[in-house]
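Below is one structure; the comments refer to it alone.
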There are 2 protein chains.
Amino acid sequence: MISIKKIFGNPRHIILYGLFMAILVFILKWLQWKYLITDNSSDIYIGLIAVFFTLLGTWIATQLAKPKIQTVIVEKEVYLTRPGEVAINETELKNLNLTTREYEVLQLLTQGYTNAEVAEKLFLSLSTIKTHVSNLFVKMDVKNRTQAVEKANRLRIMPQAN
Amino acid sequence: MISIKKIFGNPRHIILYGLFMAILVFILKWLQWKYLITDNSSDIYIGLIAVFFTLLGTWIATQLAKPKIQTVIVEKEVYLTRPGEVAINETELKNLNLTTREYEVLQLLTQGYTNAEVAEKLFLSLSTIKTHVSNLFVKMDVKNRTQAVEKANRLRIMPQAN
DNA sequence: TGAACTTTGGTACTAAAGTACGAGTGCAAG
DNA sequence: CTTGCACTCGTACTTTAGTACCAAAGTTCA
């Protein structure tokens, strides 16, 4: 479709074709007149026509030839990542305004340690831990340690949350 | 290179070409003899030659022409999960051998609900929840709910762990 | 059908968590 | 210097969590 339109729909091609035909006719007539009596005339005549139309056919074919479309499918690996995996934690952490001690306690809380265990690990008394934990709950806006752990994991605050 | 070899290197093509030429010569001679005295003879003669060599040129061109290949690259997205991100949870979950009820309770536990709240949500008594929770701890090999939440998050067992 | 498991629920008790309030110490900024 | 904050610790109390043991009803499967 496109190729036919390319050849016959383009006015320049028609003009070129006409010119070639005219030139050919002139050449043929001249040859015909020159070798009128000669025996070779028809052979040369036919030969020229043959060459010309062979070239014409070649040209038409190249114009008509539709390009073969080769489809190459490239597999692109897309990794599924959860939105905001590591980036958020710093921001959210600052919003909570936790003190360093509270953050330490929270880390141990999220690891499943009891208040007594946390106290032992930090060389503090149980009551101190309870105070820190209570303050943590207020700052984190939660009611118990389980919610605190859930929230810490959700906000990706803790470093070892993998 | 290949195309030339295709045409002239193949004996069958040469034979076909020779046959076509012979037939053409016969047709032409026959026409020449039949319309020898007629004035139209040369016109028909030329016309036939033109048609034949146009077709020949077309055929040669199609044989010689390197196929125009238009390459279309299509990106196919292959979704992958990073190793150990989501895939493991099914395996780990089965290893725990939790019952459906226990899993339901665990889901609510990891969301920070107290036993009383879980009981209310599941329309069960507090003692039933305590039983399920105790069995959970045994199966999960933990000592309290905080450790259970930590382990559930670590093993990526819960669906809403994002 | 019987055994094993699940689900539900209860009582009694201990342990841990959590709240409320107070208070002392040290440190840094206004 | 004093004010505020972080950190520490204590007591008293309530609430929740967790354990132990038991038991009934339902389900599943060989």
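Every chain is numbered from 1 and lettered A, B, ... according to where its sequence line falls, protein lines coming before strand lines.
- A straight line from CD1 of B:I129 to C1' of D:dT19 spans 16 Å, rounded to a whole angstrom.
- In this structure, the CZ atom of A:R145 is 11 Å from the C1' atom of D:dA17, given to the nearest Å.
- Between B:I157 and B:L96, some side-chain heavy-atom pair lies under the 4.5 Å cut-off.
- Comparing atom distances between the B:S134 side chain and each of D:dT19, C:dT6, D:dA6 picks out D:dT19 as nearest.
- Neither OP1 nor OP2 of C:dA16 sits under 4.0 Å from any side-chain N or O of A:N115.
- B:T110 places a side-chain N or O within 3.5 Å of a backbone atom of B:Q107 that can act as its donor or acceptor partner.
- Comparing atom distances between the A:S127 side chain and each of D:dG18, C:dT8, D:dG10 picks out D:dG10 as nearest.
- At C:dT8, none of the side-chain N or O atoms of B:T128 fall inside 4.0 Å of OP1 or OP2 (strictly under the cut-off).
- Checking C:dT11, D:dA17, D:dC7 against the side-chain heavy atoms of A:T100 singles out D:dC7 as nearest.
- One can place OH of A:Y103 at 19 Å from C1' of D:dC7, the figure rounded to the nearest angstrom.
- Following rounding to the nearest Å, A:N144 (CG) and C:dT19 (C1') show an atom-to-atom distance of 13 Å.
- Residue contacts for B:S125: at a heavy-atom cut-off of 4.0 Å it reaches the sugar-phosphate backbone alone, with no base atom in range.
- Tracing side-chain contacts under 4.5 Å through hydrophobic residues (I, L, V, M, F, W, Y), one reaches A:F137 starting from A:I129; they form part of the same cluster.
- When each of A:V105, A:T99, A:L98 is tested with A:R101 by the rule side chain to side chain contact (heavy atoms under 4.5 Å, CB included), just one qualifies, namely A:T99.
- Atom CD of B:E117 has more than 12 neighbouring heavy atoms from other residues, nucleotides or ligands inside a 6.0 Å radius.
- Applying the 3.5 Å distance criterion, the base of D:dC9 shares a donor-acceptor pair with the side chain of A:T131.
- Here the P atom of nucleotide D:dC5 and the CG atom of A:N97 are 12 Å apart, to the nearest Å.
- When rounded to the nearest whole Å, the span between CG of B:L109 and P of D:dT16 equals 15 Å.
- An OP1 or OP2 oxygen of C:dT7 is reached within less than 4.0 angstrom by no side-chain nitrogen or oxygen of B:H132.
- Considering only the side chain of A:K130, C:dG18 comes nearest among C:dG10, D:dT8, C:dG18.
- The side chain of B:T114 lies closest to D:dA17, out of C:dT7, D:dG10, D:dA17.
- For the pair B:L124 CG and D:dA24 P, the computed distance is 20 Å after rounding to whole Å.
- The separation between B:L98 atom CG and C:dT6 atom C1' is 13 Å, rounded to whole Å.
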